[in-house]
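See below for the structure under consideration.
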Amino acid sequence: MPLANTETSYGTLARAFHWLIALGILIMVPLGWIAHLAPMQDAEQIGLKTALFSAHKTLGVALFFLALLRIVWMIAQPKPAPLHPDRVAERLLAETVHWGLYAALVIVPLSGWVEHAATDGFAPILWPFGQDLPLVPNSPELAETAAAIHFLAQWLLVGIVALHILGAVKHTVIDRDPTLARMVRGAHAGTPGRHHGHVAPLALASAAWIAVLGGAAAAGYFAQEPAAEAPTLEAAASDWEVQEGTLSISLVQMGSEVTGSFADWTAAIAFEQQDAPGKSGEVTVQIAIPSLTLGSVTKQALGTDFFDAEGFPTATFQADILSAADGYVAEGTLSMKGAEVPVSLPFQLRIDGDTAQMQGRTTLDRRNYAIGDNMGDPGQLSFEVDVIVELTATRAPAQ
C-alpha cells in the first residue's frame, strides 16, 4: 500500500496517524482521570499516583508531537474526494469537526505540558529532555490558568471525538458507504476531481474554540482566587533593624528541586563584635508559617500533613551568636509544629559602619518536625530541607 494519499484513498501513513492517535486518546483520557482520582495518603499511594501521572504526561507529550506530524502530513497531502459532494452542509460540518479535533489534539496536551513546566516537582515526564518549556516561567498563576484550559479542553476533546464516532457510525450503518473502509483498509472510493478546501471549516472550528474559551474566560472560569491574607507579625524590638532580606527553603520532590520562601518574618538581634572567640550576641526569629510560598505545592505544604499552618501558625528560632573560626554560627533551638530541635546555623557577616550583611545556610530534617510523615520515601520528598537566610540590617539609633 502507498504511504501517500490518492484522490480516492488514504495512504498508509495517514491511516497509521489516525489509529495511533485514536489509541492514544483511548488510553490518555481515562488514565488522566484515574491518576487524578487516585488517593495519596501514604508513600505507596503517592508512588502509584506519581507513576500514573508520569505515564499520562509522557503519553500526552507523545500525542502532541504525533498530532503535529498528522496535521503537517494532512495539509501536504491530497485529501480523498468526498463520497457525497452534493451534501454541502454535512461535508462542512464533518470538516469542521475534523479541524476542531486537530485543535484539541494540540491544545489538550500543550496546556497540560505548560502546567507541568510552570510547576515544581511531582510526576516528571519520562524522557531525557528535561521538564521545562522555553518561554514558560515557573509560575503558580500560569500553572493554574493552564490547568483550567487543560480541564476544559479535555471535555471538548471528548465531545468532538464522540461526534467523530457518531459520524463514522452514520456512514457505516445508515449511509452504508465506504467511509470507514477508506480509513481501515485504504479502500478506494469517491470521484476524482471533486475537491474541497480547508479554509471554511478551519475558520468555523477556530471560531468555535474561541467562543468556548472566550466564554469560559468571560464567565470567570480562569479567574484566580485571591490568596487569604496571613496574619502579619508585629515588628520586633532589636538592636539591629532588618532593612531587607529573604528566608527561603529548598528541597527535592520527585527528583526536582523545589524552592520557596516566607514573606513574613521578624528578627530581634543583639550583637557586638568581640575580639575573642565566644558569644557575640543573640537572636530571636519569628516566622509566619502561612506566609510560605512553595510553587505549585504551596497549598499542600501548608496543610495538616506538612507545616499545618492553621494549627501552628508561627515558628521560632532562638539562638546565641557565637564567633567561629571562619565566621559566625547561631546555636539555638527551632520550635516548629510543636517540636523543639537544636539547630546550628553557620553564617558569614560583613559589617560596614552601622550596616551589616549576613548570609547563612543550614540543613534541617523535616522528620524532626513531623512534616510529611506520609511521605517516607526520600525519592518522593527529600528528608533534608535547606534553609537559606540573607539579610541586610542597620544598627538601631541609641535610645
Side-chain angles (χ1 to χ4, degrees), residues 38-54 119-124 131 138 140 230 233 246-267 283-320 322 329-347 359-390:
M40 52 184 306
Q41 301 302 315
D42 54 39
E44 184 176 348
Q45 291 179 345
I46 291 170
L48 176 60
K49 192 180 187 78
T50 301
L52 291 171
F53 264 120
S54 285
T119 61
D120 292 310
F122 193 69
Q131 305 297 315
N138 191 286
L233 296 176
T246 59
L247 175 57
S248 56
I249 60 174
S250 174
L251 63 155
V252 177
Q253 182 186 34
M254 307 301 176
S256 299
E257 183 180 19
V258 181
T259 60
S261 62
F262 295 92
D264 187 18
W265 53 278
T266 64
V283 60
T284 299
V285 179
Q286 290 279 344
I287 306 165
I289 298 299
S291 71
L292 172 68
T293 55
L294 196 61
S296 63
V297 295
T298 298
K299 183 177 180 180
Q300 181 185 14
L302 296 177
T304 55
D305 289 335
F306 293 87
F307 280 96
D308 193 4
E310 184 175 351
F312 301 92
T314 61
T316 304
F317 177 53
Q318 290 183 307
D320 291 333
L322 308 176
V329 61
E331 291 279 4
T333 300
L334 175 61
S335 303
M336 183 170 60
K337 202 179 176 182
E340 296 185 357
V341 180
V343 170
S344 177
L345 173 67
F347 65 92
Q359 300 89 31
R361 187 184 190 107
T362 191
T363 300
L364 307 178
D365 188 326
R366 62 177 175 84
R367 294 172 296 180
N368 291 334
Y369 303 94
I371 292 177
D373 281 347
N374 62 330
M375 299 188 72
D377 182 358
Q380 296 175 349
L381 185 67
S382 61
F383 296 146
E384 297 77 17
V385 178
D386 289 336
V387 179
I388 305 98
V389 185
E390 296 182 357

How long is the straight-line distance from [atom2] of [Y] back to [atom1] of [X], given to the nearest 0.5 Å?
X: T50; Y: Q253; atom1: OG1; atom2: CD; value: 8.0 Å
X: F307; Y: T298; atom1: CZ; atom2: OG1; value: 10.5 Å
X: S250; Y: E384; atom1: OG; atom2: CD; value: 11.5 Å

Option from D264, T316, T266 for which side chain to side chain donor-acceptor pair (under 3.5 Å) with Q286 holds: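 Answer to the side chain to side chain donor-acceptor pair (under 3.5 Å) test with Q286 among D264, T316, T266: T316.
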Between the side chain of S54 and the main-chain N/O of P124, is any donor-acceptor distance below 3.5 Å?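 At least one qualifying donor-acceptor pair exists.
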Any donor-acceptor N/O pair, S291 side chain to A263 backbone, under 3.5 Å: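 Here the side-chain-to-backbone pair exists.
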Does atom CD of Q300 have more than 12 heavy-atom neighbours from other groups under 6.0 Å away?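 Atom CD in Q300 is packed in, count exceeds 12.
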So, for [X] and [Y], which heavy atoms are closest and what is the spacing to 0.1 Å?
X: P313; Y: P290; answer: O-CD, 3.2 Å
X: S382; Y: L251; answer: OG-CB, 3.6 Å
X: A123; Y: F53; answer: CB-CB, 3.5 Å
X: L233; Y: A288; answer: CD1-N, 3.7 Å

Worked check of side-chain contact (heavy atoms from CB on, under 4.5 Å) between F262 and I249: CA-CA 8 Å; F262 295 92; I249 60 174; 4.0 Å; yes
Can you tell which of T333, V387, N368, L364 makes a side chain to side chain contact (heavy atoms under 4.5 Å, CB included) with V343?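 The option that passes is L364.
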Against S248, only a single residue in L292, I388, D386 fulfils side chain to side chain contact (heavy atoms under 4.5 Å, CB included); can you say which?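 The single option meeting the side chain to side chain contact (heavy atoms under 4.5 Å, CB included) with S248 is I388.
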Any chance you could lay out the side-chain contact (heavy atoms from CB on, under 4.5 Å) test for Y369 and L334, step after step, and finish with the verdict? CA-CA 10 Å; Y369 303 94; L334 175 61; 3.4 Å; yes
Side chain to side chain donor-acceptor pair (under 3.5 Å) contacts in which one or both residues fall within residues 335-344, not counting sequence neighbours: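 Passing the test, one end in residues 335-344: E331-S344.
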Identify all side-chain donor-acceptor contacts of residues 370-381 below 3.5 Å with residues at least two apart in sequence or on another chain.
{"unit_1": "D377", "atom_1": "OD1", "unit_2": "G379", "atom_2": "N", "d": "2.9"}
{"unit_1": "Q380", "atom_1": "NE2", "unit_2": "A43", "atom_2": "O", "d": "3.0"}

Check step by step if side-chain contact (heavy atoms from CB on, under 4.5 Å) holds for F347 and Q359. CA-CA 5 Å; F347 65 92; Q359 300 89 31; over 6 Å; no
Verdict with reasoning, F317 to M336, per side-chain contact (heavy atoms from CB on, under 4.5 Å): CA-CA 9 Å; F317 177 53; M336 183 170 60; over 6 Å; no
